[in-house]
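Working notes, beginning with the structure itself.
Starting from 1, each residue takes its place in the sequence as its number. Just the heavy atoms: all of them, side chains too, but no hydrogens, waters or symmetry mates, feed the values below.
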Amino acid sequence: MSVIYVLLTISIIVAVVFFIAFIISVKSGQYDDSYTPSVRMLFEDELIIEKSPSVEKNINTNKSTKLKE
C-alpha cells in the first residue's frame, strides 16, 4: 500500500515539472508563429468553382427529369 503513495508522489512531481516547463516555453515564445501570418494573405479563402452555361443547363435538365419521374 505504501508503494501507491510513493508512485502518486512521483507522478505528481513529474506532472508539475512538465507543467512548469510548458509555462516557461510559452512565456519565452517557443510557440509563437511569426511566419504563417505573413503568408496567409497569399492563399485563397474559398475555392470558387465557375460553372459553364452547358453545365448549368445539364443541372437544370437533371432536376426537371427527376421531378417528372
Requested in this report: Determine yes or no for a side-chain-to-main-chain donor-acceptor pair under 3.5 angstrom, with Ser28 supplying the side chain and Ser25 the backbone.
Outcome: yes

Spacing of [X] atom [atom1] and [Y] atom [atom2] [to the nearest 0.5 Å]:
X	Y	atom1	atom2	value
Leu8	Ile13	CG	CD1	11.0 Å
Phe22	Gln30	CZ	CD	11.0 Å
Ile24	Phe19	CD1	CZ	11.0 Å

